[in-house]
Amino acid sequence: MLVLLLLAMLTACAAVPQDLSGKMFTFPQETNTAHVRLTTSRQEFRAVTACLRFFTDLSRNYGLFSLATPSLANDFLIFKEAGNNETDVHINNQKVDFRGQNYNLNTWHSICSTWDSVSGLAQLWVNGKPSSRKFVSSGSKINGPIIIVLGQEQDSHGGGFDINQSFVGMMSDVHMWDRALTPCEIQNYMEHLSFTSGNVLSWRALEFQTIGRVLTEDKQLICY
Ligand SMILES: *[C@@H]1O[C@H](CO)[C@@H](O)[C@H](O)[C@H]1NC(C)=O
Ligand SMILES: *[C@@H]1O[C@H](CO)[C@@H](O)[C@H](O)[C@H]1NC(C)=O
Ligand SMILES: [Ca+2]
């Protein structure tokens, strides 16, 4: 009974939104278990934008943002390929690749991906630079129950993690919207100017649960 009560309390705690301004998630170890699960009540999307900032020294491939539904493990996925020149965006298990947006190791990067089902186009923004707008999937929607995971790439709904696709490093400022942001809004995010928080996921009111060794730490700022 006590255990049940404790479990209920822990679950309740996990659901309380936290303001993570000035914080980051640290993924300090290569595992096939450690991850963060993000919770939202929104379950149906005809358009999305997801933005986050990350820091890593990985040159192998890894997942940056993994949204799965029971039938589609890659219903919305941002996936970095090995080497440094290709990042894939998957929608409804369809993949499109964006090339030539290489980013250096050991420095913070801002990344956003947009998609809308009317045009079917996805676009990837890296450090203020847009990609070509490319077709990935149209006329469909992302339909929950959704599970959103940071730190691992889902090959099944909430699982199927591969240690060789795990993320090691830090992540911050994760936001998600149910529409494609305008280029101006994306620039504002990337340049740390004022922007409207995500209405699906907001770093300023994030409902999340960490599993395994993931730390919530103060973002390290450079002193002048
Ligand atoms: C990535 O592109 C750069 C030039 O932008 C090139 O020098 C490098 O070889 C490419 N790396 C890979 C792994 O393709
Ligand atoms: C991960 O990569 C290492 C080194 O390339 C390899 O030895 C190992 O078998 C891989 N593990 C999985 C689960 O694929
Ligand atoms: Ca995988």
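All of these numbers come straight from a predicted model, not from anything done at the bench. Each ligand, and each atom within it, is numbered from 1 in the order the structure gives.
- For atom 2 (O) of ligand 2, a protein heavy-atom neighbour is present inside the 4.0 Å cut-off.
- Between Asp173 and Lys219, at least one side-chain N (NZ, or NE/NH1/NH2) sits under 4.0 Å from a carboxylate O, which counts as a salt bridge.
- The shortest distance between side-chain heavy atoms of Leu52 and His175 does not fall below 4.5 Å.
- For the side chain to side chain contact (heavy atoms under 4.5 Å, CB included) with Met170, the lone residue among Phe54, Trp108, Phe25 that qualifies is Trp108.
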Verdict with reasoning, Phe65 to Ile111, per side-chain contact (heavy atoms from CB on, under 4.5 Å) = CA-CA 10 Å; Phe65 186 94; Ile111 192 164; over 6 Å; no

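- Coordination check, Gln165 versus the Ca ion (ligand 3): passed, since an N/O/S atom of the residue sits under 3.0 Å.
- Sorting the N, O or S atoms of Glu153 by how far they are from the Ca ion (ligand 3) puts OE1 first.
- A donor-acceptor pair shorter than 3.5 Å cannot be found between the side chains of Asp162 and Asn32.
- In terms of protein heavy-atom proximity, atom 8 (C) of ligand 2 is nearest to Asn164 ND2, 3.8 Å.
- Among the heteroatoms counted here (N, O or S) of Asp155, OD1 is the one nearest to the Ca ion (ligand 3).
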